[in-house]
Amino acid sequence: MDDARTGAGRRRSSTGENGRSRRLTYPPAPEPLPVPVMDNHTHLDFHDGLVEVEVAAALDAAERVGVAGAVQVGCDLESSRFTVAAIERDPRLLGAVAIHPNDAVRYASRGDLDAALAEIEALAAHPRVRAVGETGLDYFRTRREDAAPQHTAFRWHLDLAHRLGKALQIHDRDAHEDVVAILQDAPEPPAVVFHSFSGDAELARLCNDRGWYLSFSGTVSFGNADAQREALRIARPDRVLVETDAPFLTPHPHRGRPNASYLIPVTVRSMAATREVDVAEFCATLRENTERVYGSWSSDGPVPAG
């Protein structure tokens, strides 16, 4: 099992998707937020940068700038096992477990998908695992014609979240239409979260109508993210969340450098500016929305309906 103290086991590539080397030093800490919020999607088992950062140290750094906790998200069996170990060690964490759509293809190619899903179901029963995810569809790294295992796994995760009464965290990359079709064809869990929302105003309006949550990462601050910012402007206030997807998707002006939960304030202030709202009030709304989806970090009790 991966070490929940260090997150040993996975490392982000030192080059970006454009093939260029990234700057591997962590950005400086931002100004603390006036009201604490939660990072509702991070990967503490992924290492990045020039120094190894233990889980507790990463959460300490986040807490100093007004990020009181996080949802640690699993993408395969190793990271989902890590998630359960981490949430048992540090009360500032809740968990989500799943087989990522691209990993579903990998497990299926080895004939291991059914066994992997069975273990995910056992891990998801943990009281501090509050979401099933990240699951969904990805036509960027997997060709649509090769994505049948993704569809199978997505429908299975959706059913699991419904049966367990837990939130569903969706990975949706270049697959909006098919993701929505599957969601509309099955009983829904208490809350549906579009992780690192990458849609446009049309998808945002559908989320508003269906009561689905839009979770924005650092990408909403990128210069080429006009469609996401328009989606953020029209999103229902009670359906907006914030995340890092760390160590990926570091917000502007630090794009490409290592990301971590302590950089949430950069994204929150960018989002507040886009919505033209007071930062403190916006933080309070984000905190309320996050706890509506995942429940209280200080309790192992049931999660309220999303």
Side-chain angles (χ1 to χ4, degrees), residues 1 40-43 45 70-88 93-138 142 147-173 175 178-196 207 210-213 215 241 243 245 290 292-295 300-306:
M1 182 182 294
N40 97 108
H41 190 111
T42 191
H43 301 282
D45 52 308
V71 178
Q72 157 62 28
V73 179
C75 294
D76 57 14
L77 289 182
E78 290 77 14
S79 61
S80 293
R81 294 167 188 154
F82 167 90
T83 293
V84 171
I87 62 179
E88 289 181 342
L93 289 177
L94 295 177
V97 297
I99 302 298
H100 187 284
N102 292 320
D103 287 296
V105 175
R106 176 169 62 88
Y107 280 107
S109 70
R110 302 191 315 229
D112 294 338
L113 182 57
D114 288 345
L117 295 177
E119 183 171 344
I120 290 297
E121 182 162 1
L123 294 170
H126 193 289
R128 291 187 67 79
V129 171
R130 301 288 176 80
V132 174
E134 58 186 282
T135 179
L137 302 177
D138 187 319
T142 298
Q150 293 191 2
H151 286 246
T152 298
F154 184 24
R155 291 182 182 277
W156 182 90
H157 285 97
L158 179 55
D159 176 70
L160 178 65
H162 174 71
R163 287 189 284 112
L164 296 181
K166 300 191 178 188
L168 185 78
Q169 283 207 6
I170 292 177
H171 173 100
D172 169 20
R173 190 165 189 184
D178 286 356
V179 165
V180 167
I182 289 174
L183 281 174
Q184 293 179 325
D185 188 43
E188 286 188 16
V192 171
V193 178
F194 277 78
H195 135 67
S196 190
C207 289
R210 296 297 297 260
W212 298 336
Y213 288 82
S215 178
L241 302 173
E243 65 173 88
D245 196 25
T290 306
R292 187 185 312 116
V293 174
Y294 304 107
D300 287 341
V303 179

Just do the side-chain contact (heavy atoms from CB on, under 4.5 Å) check on Phe194 and Leu183 with the steps written out, would you? CA-CA 11 Å; Phe194 277 78; Leu183 281 174; 3.8 Å; yes
Side chains of Val193 and Leu241, heavy atoms from C-beta outward: is any pair under 4.5 Å?
yes
Distance col, row Ser196:OG vs Glu134:CD, nearest 0.5 angstrom, shows 9.0 Å
**Prompt:** Side-chain contact, heavy-atom cut-off 4.5 Å: Tyr213 with Ile170?
**Reply:** no
With a 4.5 Å heavy-atom cut-off, do Pro189 and Lys166 have their side chains touching?
no
Value for OG1 (Thr42) from CG (Asp245), rounded to nearest 0.5 Å, stands at 7.5 Å
For Asp185 and Arg155, what are the C-alpha separation, side-chain angles and deciding distance, and is it a side-chain contact (heavy atoms from CB on, under 4.5 Å)? CA-CA 9 Å; Asp185 188 43; Arg155 291 182 182 277; 3.2 Å; yes
Exercise for the section: Would you confirm whether His157, through its side chain, and Ile99, through its main-chain N or O, come within 3.5 Å as a donor-acceptor pair? Expected result: yes
**Glu188 side chain vs Trp212 backbone, donor-acceptor pair below 3.5 Å** = no
Rounded to the nearest 0.5 angstrom, the CD-NE2 distance for Glu243 and His195 is 5.5 Å
ask   = Is Gln150 reaching over with its side chain to a backbone N or O of Asp138, donor-acceptor style, under 3.5 angstrom?
value = yes
Distance-only, no hydrogens or angles: does the Arg130 side chain make a donor-acceptor pair with backbone N or O of Ala167 under 3.5 Å? no
Minimal heavy-atom distance between Leu94 and Gly295, with the atoms involved, is CD1-O, 4.3 Å
Correct closest heavy-atom pair for Leu160 and Ala124 would be CD2-CB, 4.1 Å
Residues Gly133 and Val73: closest non-hydrogen pair is O-CG1, 3.6 Å
Correct closest heavy-atom pair for Leu77 and Tyr107 would be N-OH, 3.1 Å
One should read off an interatomic distance between Ile87 CD1 and Phe82 CZ, to the nearest 0.5 angstrom, of 10.5 Å
Using a 3.5 Å distance criterion without hydrogens, assess whether the side chain of His43 forms a donor-acceptor pair with backbone atoms of Asp45.
no
Note: Ala175 and Leu137 closest approach over all heavy atoms is CB-CB, 3.7 Å
Correct closest heavy-atom pair for Val97 and Ser80 would be CB-OG, 3.6 Å
ask   = Okay, side chain of Asp76, backbone of Ser79: is any donor-acceptor separation there less than 3.5 Å?
value = yes
Rounded to the nearest 0.5 angstrom, the OG1-CZ distance for Thr142 and Arg106 is 11.0 Å
Is there a side-chain contact (heavy atoms from CB on, under 4.5 Å) between Leu158 and Ile182 once you walk through the steps? CA-CA 9 Å; Leu158 179 55; Ile182 289 174; 4.2 Å; yes
Value for CH2 (Trp156) from CD (Glu121), rounded to nearest 0.5 Å, stands at 5.0 Å
